[in-house]
Amino acid sequence: MKSTRDYDSSLASSILAYAERLVGRSLREALDDLPPTIDFSSNKGGFGTVLERHYFGYEPNSRPEPDFAEAGVELKATPLKHSGSRLISKERLVLGMIDYMTVVTEEWESSSFLKKNSHLLLVFYLHEQGKDPRDFVIKIVRLWEFPPEDLEIIRRDWQTIVAKVKAGQAHELSEGDTLYLGACTKSSDSTTRRRQPFSAEAAKPRAFSLKQSYMNTVAQGSLGMKSVAVDEVVRGRPLEEVVASRFEPYIGKTADEIADIVGLKAKRHAKNFYAVLTNRILGVGDKDKIAEFEKADIQVKTMRLLPSGRPKEDLPFRAFDYCDLVQQDWESSDLRGALDKRFFFVIYQLDRDDAPTLVGTRFWTMPISDIEGPARRCFDETQSRIEEDKADYLPKKSENPVCHVRPHGRDSRDVIPTPTGGLACRKSFWLNGSYIKNQLGL
DNA sequence: GCATGATCATGC
DNA sequence: GCATGATCATGC
């Protein structure tokens with residue numbers, strides 16, 4: 001394979017050794033001859049640019065070959081942030097623009113993606129708001145080669161993205177389409193569009209990127225996680241298929257029967273009963289996270305259907321802060337970010353006595369047209385009503401086919417400030433149960 | 001029966 | 001103590 005032939009491991013090791021000297025230091029500390037007048041503000045990737053130019057001594061470029069061409073190694077600087085007591089990845093890692101016109105002519109094995117990104121030299125630095133990037137401290141340096149089970153999923157992701165472009169649907173790409181490798185939007189303003197080869201519809205510019213959730217596990221390892229499908233995935237079976245097959249033997253059984261079989265003692269009315277049951281079915285400890293789901297940022301949800309067939313509950317998202325919400329742009333909003341994920345539903349049918357029977361599982365991604373249509377309208381409407389001091393009258397379920405706004409606080413006294421100076425009870429966006437049911441074909 | 005409002009359980 | 005995910009209760 002070309003990508004491996006082009007990799008020179010001894011050269012890579014010496015580059016790594018040189019890079020490792022950065023750990024625990026900032027660029028200012030590492031470089032005595034750092035020019036005092038670097039303008040970081042003009043360039044979001046300022047840290048990476050300085051790292052390339054002043055530490056590694058080459059000009060930043062966007063050539064198709066890896067940055068260290070002789071070693072076959074691509075340099076990537078990527079930020080971390082604090083999350084409680086630990087460090088997590090601050091954002092996704094962009095691995096090159098998707099050229100819609102040429103990517104459709106490529107094969108995975110010889111793809112420009114693989115050629116450039118098979119071996120990454122990752123420099124993780126701690127990003128701190130308001131700090132001069134020269135003072136960001138480098139925390140982790142590592143040479144990264146994708147483990148075979150991950151590379152297999154990434155191969156499928158790449159093919160999913162390319163297939164969509166081939167089908168003339170580049171404008172319908174969504175990060176939720178794929179697991180580890182996403183097609184993230186990439187342009188300075190949200191109105192930019194590019195041609196695509198098999199449709200007259202212009203599409204947003206997008207780049208191949210490793211999801212933030214994936215980067216987390218690269219940075220901190222898979223602590224507290226357990227893989228559920230390494231062997232099957234390496235043999236080429238899609239993760240979704242493996243997961244579905246794990247549930248297969250339990251379909252038609254009640255939750256209590258399943259709990260018995262998997263040795264779960266917890267009561268059905270414990271609020272985390274279904275979450276633990278899902279873990280058990282997948283062969284994962286009660287407190288473990290499912291590694292593949294963590295890396296792909298898959299949202300596991302239980303859906304219970306009433307005897308009538310309609311969903312028992314709508315699906316809530318995190319409560320929002322009114323003042324923060326009115327400041328958000330739709331494109332980068334929390335709501336949009338929550339909607340373009342991949343979901344995994346475990347579906348139970350309730351009988352007249354409220355006993356749940358497992359009827360199936362589904363992976364699902366919300367269609368872009370629903371995100372940009374009804375969901376966006378709900379968001380815009382919510383923003384404008386809050387601004388008009390009508391935080392108590394936000395879009396109801398009956399107003400929107402896809403989502404609505406409802407209380408989501410400790411209790412009715414759980415009120416928070418609104419930008420107009422008032423107080424309103426804590427609320428969140430909810431996906432309408434009826435919408436999900438239709439989407440899942442139930 | 002359904003939409004809307006209210007509240008609970010768990011883990012960090 | 002609170003965020004987060006999940007579920008219950010009420011009134012039309």
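In what follows, chains carry the letters A, B, and so on, assigned in the order in which the sequence lines appear, proteins first and then strands, with residues in each chain numbered from 1. Heavy-atom basis, side chains included; hydrogens, waters and symmetry copies ignored.
A salt bridge links Asp314(A) with Arg406(A); the closest basic N to acidic carboxylate O contact falls under 4.0 Å.
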What string of B, S and - do you get for nucleotides 2-12 of chain C, 5' to 3', when a contact is any protein heavy atom under 4.0 Å? --SBBBB----
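The closest side-chain heavy-atom distance from Glu149(A) to Asp231(A) is not below 4.5 Å.
Base engagement by Lys397(A) is indicated by at least one non-hydrogen atom pair under 4.0 Å involving a base atom.
In terms of position on DNA chain B, the residue among Arg310(A) and Val405(A) whose nearest nucleotide sits closer to the 5' end is Arg310(A).
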Any chance you could lay out the side chain to side chain donor-acceptor pair (under 3.5 Å) test for Gln196(A) and His171(A), step after step, and finish with the verdict? CA-CA 8 Å; Gln196(A) 57 172 314; His171(A) 56 293; 2.9 Å; yes
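One side chain, Thr420(A) or Asp389(A), offers a donor N or O that lies under 3.5 Å from an acceptor on the other.
Taking the six-membered ring wherever Trp is involved, the centroid distance between the rings of Phe136(A) and His127(A) falls below 6.0 Å.
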